[in-house]
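Working notes, structure below.
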Number of protein chains: 2
Amino acid sequence: MKRTPDIISAARGQWKEIQPELDTSSMEVVGRVLRAGAVLRQRLDTILGDEGLNRAEFDLLSALRRSGEPVTPGRLNSLMVASGAATTKRVKQLAERGLLERIRDRHDRRSARVRITDHGAELIDRAFARNLEAERELLAGMNTKQREAVAGGLAELLRSLEGSPAPAPPAPSQLE
Amino acid sequence: MKRTPDIISAARGQWKEIQPELDTSSMEVVGRVLRAGAVLRQRLDTILGDEGLNRAEFDLLSALRRSGEPVTPGRLNSLMVASGAATTKRVKQLAERGLLERIRDRHDRRSARVRITDHGAELIDRAFARNLEAERELLAGMNTKQREAVAGGLAELLRSLEGSPAPAPPAPSQLE
DNA sequence: CACCATTACTTCACTAGTAAAACACTTGTG
DNA sequence: CACAAGTGTTTTACTAGTGAAGTAATGGTG
């Protein structure tokens, strides 16, 4: 079954002419992930904008919301695949908007824990639902079987790259 | 066959507790693409740095190199999934480094075409090979079958999102 | 041809991200 | 216990990206 080529197939063909001996097979996965990610981000970021959030803010509030309890900046870094400096900035700005707050960690004074506010939870709940809807629309060109196939493969890839997700550290019994 | 969950499965489980009626199935694809992309980028960008290029520069030189002929800024935008302002900046900086040059387009004076220099081609050839090697290492945790499966699914996704790639516009017979 | 709509690109003002440095705290070792 | 090594986070200086505005050119229409 011959398929219309996607842009990565086309690119591989071009590289073959330039450097015929080069093994470009990794592009089949990596090139496609990076490109699909860029396209999806470009399209979904505008939807988030309508909800008053950018990608960074959305990711932070999502991570906090689904964690269900306060999270350390270090853990946020890895949940969001961001640098410490980026996380610090994001937390500061959303704290100023009253969407989250910092709570001192009595058990480790190098750190504070970040907790979403009620206002923040309301905002992310709405934005998240809206985002899911937009995602579904973007995936509408694929049938269920195709979506499940790529989802399974991507899960393999993530496990291969990251291993299994670390459980959240135990919440201290008292935080003030 | 029950698999160790990846972070997106875990996240979906968390959302199910917060909003049980929400259909989060799109996260299986979109969430994973975005996350895998972020992880891959984080890891590969350091490799590119060793070759003296950042992601933006790498993408631009790659696009030019594999095109084999001068490209308009507008086409570079879509090849790289970047805004016009970003492309302008990238072109300016790499031109200053002598890695590419701008050629006037006699057929449309709103535009110039961007051509990679010999120096630029040497640099990207080495960087590209190094990048492929790093990609292969990152994919080493997956077997061939798994890689082919996810590659196929991702190709479907890209075609669904972007359609088939536009061919390069004909090269004018004379450019000066 | 004159004029208007559209297109292609650049400029501008601002924001988000990063590595490295700085600082404070925690843990390990003798 | 004292000190060194390690860890967690923030600060800093800088860079890359963006939307909107600006500018020039092209194409369409009467």
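Hydrogens, waters and symmetry mates are skipped; everything else that's a heavy atom, side chains included, is used. Numbers restart at 1 for each chain; the letters A, B, ... are given by sequence-line order, proteins then strands.
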- Query: Going through the distances and angles, do L157(A) and L139(B) end up as a side-chain contact (heavy atoms from CB on, under 4.5 Å)?
  - Reply: CA-CA 8 Å; L157(A) 175 60; L139(B) 298 180; 3.8 Å; yes

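Across residues 79-95 of chain A, G84(A), A85(A), T88(A) each have a non-hydrogen atom less than 4.0 Å from an atom of DNA chain D (numbered order). Taking a 4.0 Å limit (strictly below) on heavy-atom distances, residues 30-55 of chain A reaches DNA chain C at N54(A).
A salt bridge links E96(B) with K92(B); the closest basic N to acidic carboxylate O contact falls under 4.0 Å. Salt-bridge formation is detected for the pair R12(B)/E28(B): a Lys NZ or Arg NE/NH1/NH2 atom is positioned less than 4.0 Å from an Asp or Glu carboxylate oxygen. Comment: R130(A) does not engage D50(A) in a salt bridge, judged by the lack of any side-chain N to carboxylate O separation of less than 4.0 angstrom. Ion pairing between R147(A) and E156(B) fails under the 4.0 Å rule for side-chain N and carboxylate O. Salt bridge R66(A)/E17(B): absent, no basic N to carboxylate O contact under 4.0 Å. We find that E69(A) and R115(A) are not joined by a salt bridge, their nearest charged nitrogen and carboxylate oxygen being 4.0 Å or further apart.
Whole-Å rounding puts the F58(B) CZ to dA16(D) C1' distance at 17 Å. Atom CG of L76(A) is separated from atom C1' of dG8(D) by 13 Å (rounded to the nearest Å). The distance between atom CG of N77(A) and atom P of dG17(C), rounded to the nearest whole Å, is 12 Å. At whole-Å resolution of the value, CG in D105(A) and C1' in dA24(C) are 14 Å apart.
Which of dG17(D), dT9(D), dG17(C) sits closest to the side chain of P73(A) comes down to dT9(D).
For the 3.5 Å distance criterion, the side chains of R32(A) and S9(A) qualify, holding a donor opposite an acceptor. Between N77(B) and T87(B), the side chains place a donor N or O and an acceptor N or O closer than 3.5 Å (distance only, hydrogens not considered). Between the side chains of D59(B) and S62(B), no donor-acceptor pair is found at a separation under 3.5 Å.
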Pairwise N/O distances under 3.5 Å, protein to nucleotides 24-27 of chain D:
| residue | atom | partner | partner atom | Å |
| --- | --- | --- | --- | --- |
| dT26(D) | OP1 | R109(B) | N | 2.9 |

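Between L154(B) and D6(A) there is no side-chain heavy-atom pair separated by less than 4.5 Å.
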